[in-house]
Amino acid sequence: MIPLSWYLVLSALLFSIGLFGVLARRNAVAILLGIELMLNAVNINLASFWRYGNTAQMGGQVFAIIVFAVAAAEVAVGLALIISVYRRRKTVLAEEIDLMKW
Amino acid sequence: MDASQIIFGLTALLIIFSALRVVTTRNMVHAALWLIVTLFGVTVLYALLQANFLAVVQVVVYVGAIAILFIFAIMLTRREIRDSGPQLNRGWLLAAFISLAVFGSLLALLYNAPVAGRLAGSLTGEDTLMALGQALVSPDAYVLPFEVASVLLLAALIGAVYVALNKKQESDQ
């Protein structure tokens with residue numbers, strides 16, 4: 001049997017890797033890839049807490065499904081914004097998109 | 001050390017390695033392909049947890065839709081075939097430090113928290129699937145969050161189409 005803590009440590013590690021990707025990458029699409037890794041870590045946590053808790057309560061799985069929906073919405077809007085910015089500014093580097101920065 | 005622990009260990013190694021490749025590789029298309037490997041690893045974890053519906057949705061939604069969207073976006077936004085210049089920004093050492101600090105504090109929280117959950121026997125797939133379906137549409141359970149998520153997804157997709165639309169009068173090509 002796999003202890004619950006293994007899943008939690010793995011998801012903490014995956015979350016940290018995703019956080020590093022979000023903070024350190026220059027390409028805006030790569031930042032969104034890091035956010036996907038973080039959302040997957042959250043979903044592993046939700047599913048494992050559901051499995052090791054009361055499995056008659058479906059809250060963990062329902063919450064994971066809502067995270068799926070939010071991830072799909074976030075990717076669609078994020079990539080649309082990136083494509084729109086690329087069309088006008090010819091760049092996808094996060095530090096060059098500085099119109100509203102002072 | 002039984003079979004499930006060996007499968008978990010191999011899957012964890014695969015997930016960690018491919019996630020590190022996602023955040024460090026220079027070629028963006030390769031990063032998206034490594035993300036697909038990570039997502040398949042997470043699917044194996046869902047199967048180990050007997051969350052069958054989540055495993056199927058992970059393949060259909062993440063691998064089938066989101067990863068393809070990423071690959072399309074990468075191909076639409078590349079000036080040259082090979083990515084030039086550094087892929088990490090100047091503050092990447094600080095970013096690595098922050099990530100390690102977050103990981104360390106999560107581990108400390110786990111070490112101190114009472115997380116001794118117990119595995120509730122073996123589940124049958126039909127029971128959990130039926131319970132999940134009923135929980136999603138039952139007024140006593142989660143029908144309201146379900147509907148809100150649906151409206152959010154619809155609004156986001158309409159917004160995405162509008163934002164990415166190439167308006168003829170504004171295009172300078």
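Proteins get letters first, then strands, A, B, ... in listed order; numbering begins at 1 in each. Worth knowing before you read on, the calculation uses all heavy atoms, side chains too, and leaves out hydrogens, waters and symmetry mates.
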Counting C-beta onward and ignoring hydrogens, is there a side-chain heavy-atom pair between [X] and [Y] closer than 4.5 Å?
| X | Y | answer |
| --- | --- | --- |
| A:F63 | B:Y142 | no |
| A:L10 | B:L45 | yes |
| A:L14 | B:F103 | no |
| B:V42 | A:N43 | no |
| A:Y7 | B:L49 | yes |
| A:I17 | B:S99 | no |

Select one option (side chain, backbone, both, neither) describing which atoms of [X] are under 4.5 Å from chain A's heavy atoms.
| X | value |
| --- | --- |
| B:A19 | both |
| B:L69 | both |
| B:F70 | both |
| B:L35 | side chain |
| B:L165 | backbone |
| B:Y62 | side chain |
| B:L76 | both |
| B:Q58 | both |
| B:I16 | both |

I'd like to verify something: which residue of [options] has the highest number of heavy-atom pairs under 4.5 Å with chain B?
| options | answer |
| --- | --- |
| A:I31, A:L79, A:V70, A:V77 | A:L79 |
| A:E36, A:E74, A:M58 | A:M58 |
| A:A69, A:A12, A:A30, A:G21 | A:A12 |
| A:V62, A:I83, A:L81, A:V75 | A:V62 |
| A:I65, A:I44, A:L13 | A:L13 |
| A:S11, A:A64, A:G59, A:G78 | A:G59 |

Please work out whether the ring planes of B:F8 and A:W6 are parallel, tilted or perpendicular, with thresholds of 30° and 60°.
-> tilted
Please confirm whether B:Y46 and B:F53 have ring centers closer than 6.0 angstrom.
-> no
Report yes or no: does A:S84 contribute a side-chain atom to a donor-acceptor pair with the main-chain N or O of A:A80 at less than 3.5 Å?
-> no
Polar side-chain atom of B:N112 near backbone of B:A108 as donor-acceptor pair, under 3.5 Å = yes
How far does CG of B:D2 sit from CD of B:Q5, to the nearest 0.5 angstrom?
-> 4.5 Å
Select one option (side chain, backbone, both, neither) describing which atoms of A:A28 are under 4.5 Å from chain B's heavy atoms.
-> neither
Among the options [options], pick out the one with the most heavy-atom pairs lying under 4.5 Å from chain A.
| options | value |
| --- | --- |
| B:S4, B:G91, B:P145, B:A67 | B:S4 |
| B:T38, B:V163, B:L48, B:I15 | B:V163 |
| B:A149, B:A131, B:A135 | B:A131 |
| B:V161, B:L152, B:T25, B:L157 | B:T25 |
| B:L93, B:V148, B:L54 | B:L54 |

Group every Ile, Leu, Val, Met, Phe, Trp and Tyr by side-chain heavy-atom contacts under 4.5 Å, then state whether A:F68 and B:V56 land in the same group.
-> no
Should B:L153 and B:V143 be counted in the same cluster of Ile, Leu, Val, Met, Phe, Trp and Tyr side chains packed under 4.5 Å apart?
-> no
